[in-house]
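Report on the following structure.
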Amino acid sequence: MRGAAMQTDLKLREGTDLNLPRRKVWPVFKQQKYLFLLMLPALIWAILFAYAPMAGLYMSFVNYQPTLGRFWYSLFHSEFVGLQWFRYFFNNGDFLIIMRNTLASTLITLLFSFPMPILIALAINEIKNVQFKKIVQTSSYLPYFISWVIAANIIVTLLSSDGAVNALLKFFHLTDESILFLQNGKYFWWIVALGNTWKDMGYSSIMYLAAISSINPELYEAAKVDGANRFKQIRYITFPHLKATIVILLILAMGGILNAGFDQHFLLGNDLTKDYSDVLSTYSFRYGIQNGMFSYASAVGMFSSVVAFIIVVIVNQIAKKINGQSLF
């Protein structure tokens, strides 16, 4: 028996085919039909709301006229113009301003919102009191479930001329007059970045908490025996185990680098900060919905999606070569 086991191990190392039976698709589907049935609603949702609307991308290459009749008839009978709308967007004087605002807003948001959930997860993991730990977790999750309409009103109230932020600045003699944060464009990107971080950091920490909970507790016990304090345990045990999760979530975050968020920019922006608050999503909304230039707005949205896909592929390949961790 021992010799047979050694031969099997040797064959596995040499990569020899052991003629292991392969399971066919249909028997597996028949055996696990109820699991596939549970998957069916999600599959239908993905087809209806993620893949079927992609047919509308054809609008980016035509001069869509909704007055021709029904939607699909109007779409496929509109004049084909090729890349005209893309050229118009790139040659438009708004292109550089829109791209500057979008990239600045997303990169500043990424600077704050990406590391913060990791720090929160590490901090929550160090809380030993179970009841207090639950209170902290629940409190950090709550902002995520608040709509941006309510969140924007909270931010506007805090940053108003007689709001809490100006009151604190005056109390500590950091300023003599109220600062008009939402009327000054130079503050806008930072306000959106901090608002996004506050709203999403608790919910985003769930992934890291799940990864931390899967770490073998014996590793921490062994580290304590060796004299490692809590910071060394985090550095040499917790953080290395979070490495794969961090890389995957960073790749996904980079994919949204041109998605600055419509709600927060639309609700917090105004005419005084338009040169800083106008991003790709609000720009396409203004031209597509308000001005009726549906094909142009579709071209702007398609440009954003294509660039996001390319960035995900590039970052994924870089992560695979550097750390051996990748999304696909």
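Start at 1 with the first residue, then count along the sequence. When reading the values below, keep in mind they use all heavy atoms of this one structure, side chains included, and skip hydrogens, waters and symmetry mates.
- Considering CD1 of Ile215 and CD of Gln233, their distance stands at 10.5 Å, rounded to 0.5 Å.
- Atom-to-atom distance recorded for Leu48:CG and Leu43:CG is 9.5 Å, nearest 0.5 angstrom.
- Relative ring orientation between Tyr88 and Trp85 is described as perpendicular, the plane-to-plane angle rising above 60° on a 0-90° scale split at 30° and 60°.
- Taking 4.5 Å as the limit, every side-chain heavy atom of Ser281 sits out of range of all side-chain heavy atoms of His265.
- Ring pair Phe89/Tyr283 is tilted by interplanar angle, where 30° to 60° counts as tilted.
- Put simply, the side chain of Asn316 never gets that close to the backbone of Val312: no donor and acceptor are under 3.5 Å apart.
- Rounding to the nearest 0.5 angstrom, the gap separating the CH2 atom in Trp45 from the CG atom in Leu40 is 14.5 Å.
- Taking the six-membered ring for Trp and the full ring otherwise, Tyr144 and Tyr203 have centroids separated by under 6.0 Å.
- The number of heavy atoms from other shown groups lying within 6.0 Å of CZ (Phe132) does not exceed 12.
- Using modelled atom types, one side-chain atom of Asn270 and one backbone atom of Thr273 make a donor-acceptor pair closer than 3.5 Å.
- The number of heavy atoms from other shown groups lying within 6.0 Å of CZ (Arg235) does not exceed 12.
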Q | Residues Ser178, Lys170; criterion side-chain hydrogen bond (donor to acceptor under 3.5 Å, both in side chains); working and verdict | A | CA-CA 8 Å; Ser178 296; Lys170 291 177 182 178; 2.8 Å; yes

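- Cluster annotation: Trp190 and Leu268 are assigned to the same hydrophobic cluster (Ile/Leu/Val/Met/Phe/Trp/Tyr, side-chain heavy-atom contacts under 4.5 Å, transitive).
- In the hydrophobic cluster analysis, where Ile, Leu, Val, Met, Phe, Trp and Tyr join through side-chain heavy atoms closer than 4.5 angstrom, Leu252 is grouped together with Val313.
- Put simply, Leu75 and Phe86 are part of the same group of oily side chains (I, L, V, M, F, W, Y) that touch within less than 4.5 Å, one to the next.
- Within a 6.0 Å sphere centred on NZ of Lys128, other residues, nucleotides and ligands contribute more than 12 heavy atoms.
- With ring centers used as reference points, Tyr58 lies under 6.0 Å from Phe76.
- In this structure, Ser295 contributes its side chain and Val62 its backbone to a donor-acceptor pair below 3.5 Å.
- In this structure, Tyr208 OH and Thr238 OG1 are separated by 14.5 Å, a value rounded to the nearest 0.5 Å.
- Residue-environment remark: CZ (Phe172) stays at or below the threshold of 12 foreign heavy atoms within 6.0 Å.
- Using cut-offs of 30° and 60° for the angle between ring planes, the Phe29 and Phe36 rings count as tilted.
- Side chains of Asp200 and Ser204: a donor-acceptor N/O pair is absent below 3.5 angstrom, by distance only.
- Once rounded to the nearest 0.5 Å, the distance linking OG of Ser105 with CD1 of Ile191 reads 11.0 Å.
- Distance OG/Ser213 to NE2/His241: 12.0 Å, rounded to 0.5 Å.
- Scanning for ring-ring contact (aromatic ring centres under 6.0 Å, His included) contacts around Phe266 gives Phe262, Phe285, with sequence neighbours left out.
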